[in-house]
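Index from 1, following the sequence.
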Amino acid sequence: MLNRRKLVSSLLLASSVGGRGAAWAETVNKVSRLVVGFPAGGGTDVIARLLADNMKGSYAPAVIVENKPGAAARVSIEYVMRSDPDGSTILFTPDFPITLYPHSFRQLSYDPLRDLIPVAPTAKSALAFSVGPEVPASVKNLSDFVSWCKANPDKSSYATTSAGGTPHFVGVMFSAAAGVTMQPVHYRGGAPALQDLIGGHVPASVNPISEAMPLLQQGGLRILAVPSAQRSKFLPDVPTMKESGYDVVAEPWLGAFVPAKTPDTIVKALSSALESAVKSSSYVQSLAQFGNESMFETPAEFAARVKKDLANWGPIVKASGFVAED
């Protein structure tokens, strides 16, 4: 009887590795948490909750979202990296605290390559470069906007959703590519940035298209370009910056990480559960409602993406001279 139990147990564990139930042997009876470094109700939080709903029962008995905002998302990263590496605490974050912060902060309490294991990206969000009523209606494209900036250097600025985030550095890259000096105006979130854009207080803004599209439909702004490698399927008539003659490409993602030293069996199990979640029709359709697309890569592929993005952003941040405030 004992040998039989041992055999059954071994077979169950072996069959679980790399499959949807891999973590059950490690995390059974534990509630797993997706830790989000932003308040409830924001874009990252909404996507995390969609994931949690689609992961119930496939990875752990329950998966919940735990919001830990603070220090521009650094609090959440520090919390996860110091958690037990048992698969029950998962960081869910946009790209910039992982790929941009190491270059913009003089001192950072974490090293994303040392302290975290990339598991999978789960969504990608295209950005939109928009102009508001301060810019004349005759400005139809990026080239027109560049000409307007050169003719109005005292007005040449753009709104960003935060200092040191991806939208900020999209503006930096575009300014360099266009040969103009655009001053970034930093806001705490996309809503106040767009409010000032449509109010005529700032001429341009860089935001996720999910934030810009409702105002586009209302006629409050014009989207001149997207800095993606390809046109957004949600804005098929809007050209990319590269199509418009400016070599600017930035494709933000959101993804899951676990603490360093998390066993490989758990990493594989979480990866498998996330793959099932992001490929579910309910998740894909829900993302599309606010202009995002589902995305998935294996842990190895995602780790390579993180390293590549880290390397790519380094010289851009350095050339800008930007240093984040501690």
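Across every non-hydrogen atom of Thr99 and Leu310, the tightest pair is O-CD2, 3.6 Å. Of all heavy-atom pairs spanning Gly220 and Pro133, the tightest one is O-CD, 4.0 Å. Considering every non-hydrogen atom in both Ile98 and Pro112, the closest pair reads O-CG, 3.4 Å. Annotation for Tyr59 and Gly87: closest pair OH-O, 2.7 Å, computed over non-hydrogen atoms. Taking every heavy atom of both residues into account, Leu224 and Lys140 meet most closely at CD2-O, 3.7 Å. Pairing each heavy atom of Thr161 with each of Glu211, the nearest pair is CG2-OE1, 4.0 Å.
Atom OG of Ser280 is separated from atom CD of Gln285 by 9.0 Å, given to the nearest 0.5 angstrom. Interatomic distance, Leu51 CG to Lys56 NZ, rounded to the nearest 0.5 Å: 12.5 Å. Note: Lys124 NZ to Asp95 CG = 13.0 Å, rounded to the nearest 0.5 Å. Here the CG-OG distance, from Leu142 to Ser147, works out to 11.0 Å after rounding to the nearest 0.5 Å. Once rounded to the nearest 0.5 Å, the distance linking CZ of Arg33 with OH of Tyr79 reads 3.5 Å. Residue Lys155 holds its NZ atom at 5.5 Å from CD of Glu134, rounded to the nearest 0.5 Å.
Contact check for Met55 versus Leu270: side-chain heavy atoms found under the 4.5 Å cut-off. Counting heavy atoms from C-beta on, the side chains of Leu116 and Leu91 come closer than 4.5 Å. Side chains of Asp84 and Thr89 form no contact here, defined as non-hydrogen atoms less than 4.5 Å apart. Annotation: side chain of Ser156 is not in contact with side chain of Pro203 (no heavy-atom distance under 4.5 Å). With a 4.5 Å cut-off on side-chain heavy atoms, Val172 and Pro184 do not count as touching. You'll find the side chain of Val248 stays beyond 4.5 Å of the side chain of Phe129, heavy atoms only. Using a 4.5 Å heavy-atom cutoff, the side chains of Pro121 and Leu254 are not in contact. At a threshold of 4.5 Å between non-hydrogen side-chain atoms, the residues Asp45 and Phe92 do not count as touching.
When each of Thr262, Val306, Val80 is tested with Phe257 by the rule side chain to side chain contact (heavy atoms under 4.5 Å, CB included), just one qualifies, namely Val306.
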### Task
Go through the steps to decide whether Thr44 and Thr93 satisfy the test side chain to side chain contact (heavy atoms under 4.5 Å, CB included), and finish with yes or no.
CA-CA 7 Å; Thr44 304; Thr93 181; 5.9 Å; no

### Task
Just do the ring-ring contact (aromatic ring centres under 6.0 Å, His included) check on Phe96 and His168 with the steps written out, would you?
CA-CA 11 Å; Phe96 59 87; His168 173 190; over 10 Å; no

#### Entry: Trace of the side chain to side chain contact (heavy atoms under 4.5 Å, CB included) decision for Val206 with Thr160
CA-CA 6 Å; Val206 183; Thr160 82; 5.9 Å; no

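Leu108 and Met81 end up in the same hydrophobic cluster when Ile, Leu, Val, Met, Phe, Trp and Tyr side chains are linked at under 4.5 Å. Residues Met295 and Val284 do not share a hydrophobic cluster, clusters being chains of Ile/Leu/Val/Met/Phe/Trp/Tyr side chains in contact below 4.5 Å. Connection of Tyr110 to Val258 is established within a shared hydrophobic cluster, with ILVMFWY side chains joined at heavy-atom distances below 4.5 Å, either directly or through further cluster members. Cluster membership for Ile316 and Val249, using ILVMFWY side-chain heavy atoms within less than 4.5 angstrom, is not shared.
In summary, Asp53 and Arg49 do not engage in a salt bridge, as defined by a charged side-chain N under 4.0 Å from a carboxylate O.
A side-chain N or O of Asn54 and one of Ser282 form a donor-acceptor pair less than 3.5 Å apart.
Side-chain N or O atoms of Ser175 include one that pairs as donor or acceptor with a backbone N or O of Gly171 at under 3.5 Å. Looking at Asn67, its side chain does come within 3.5 Å of a backbone N or O of Phe38 through a donor-acceptor pair. Between the side chain of Arg231 and the main chain of Pro236, a donor-acceptor pair closer than 3.5 Å is present.
Counting heavy-atom neighbours within 6.0 Å of Glu251 CD, excluding the residue itself, gives a total above 12. Annotation: Arg114, atom CZ; neighbour count of heavy atoms from other residues, nucleotides and ligands within 6.0 Å is above 12. The neighbour count for Glu243 CD, taken as heavy atoms of other residues, nucleotides or ligands under 6.0 Å away, is above 12.
Relative ring orientation between Trp148 and Phe145 is described as parallel, the plane-to-plane angle staying below 30° on a 0-90° scale split at 30° and 60°. Below 30°, between 30° and 60°, or above 60°: for Phe322 and Phe169 the angle between ring planes is above 60°, a perpendicular geometry. Relative ring orientation between Phe174 and Tyr246 is described as perpendicular, the plane-to-plane angle rising above 60° on a 0-90° scale split at 30° and 60°.
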Taking only distance into account, with no hydrogens and no angle test, what donor-acceptor pairs under 3.5 Å do side-chain atoms of residues 68-77 form with protein atoms, sequence neighbours excluded?
{"residue": "Lys68", "atom": "NZ", "partner": "Glu66", "partner atom": "OE2", "Å": "3.4"}
{"residue": "Arg74", "atom": "NE", "partner": "Ala71", "partner atom": "O", "Å": "2.8"}
{"residue": "Ser76", "atom": "OG", "partner": "Ala73", "partner atom": "O", "Å": "2.7"}

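Other members of the cluster containing Leu221 are Val185, Tyr187, Leu194, Leu197, Ile198, Val202, Ile209, Met213, Leu215, Leu216, Ile223, Val226, Phe234, Leu235, Val238, with ILVMFWY side chains joined at under 4.5 Å, either directly or via other members.
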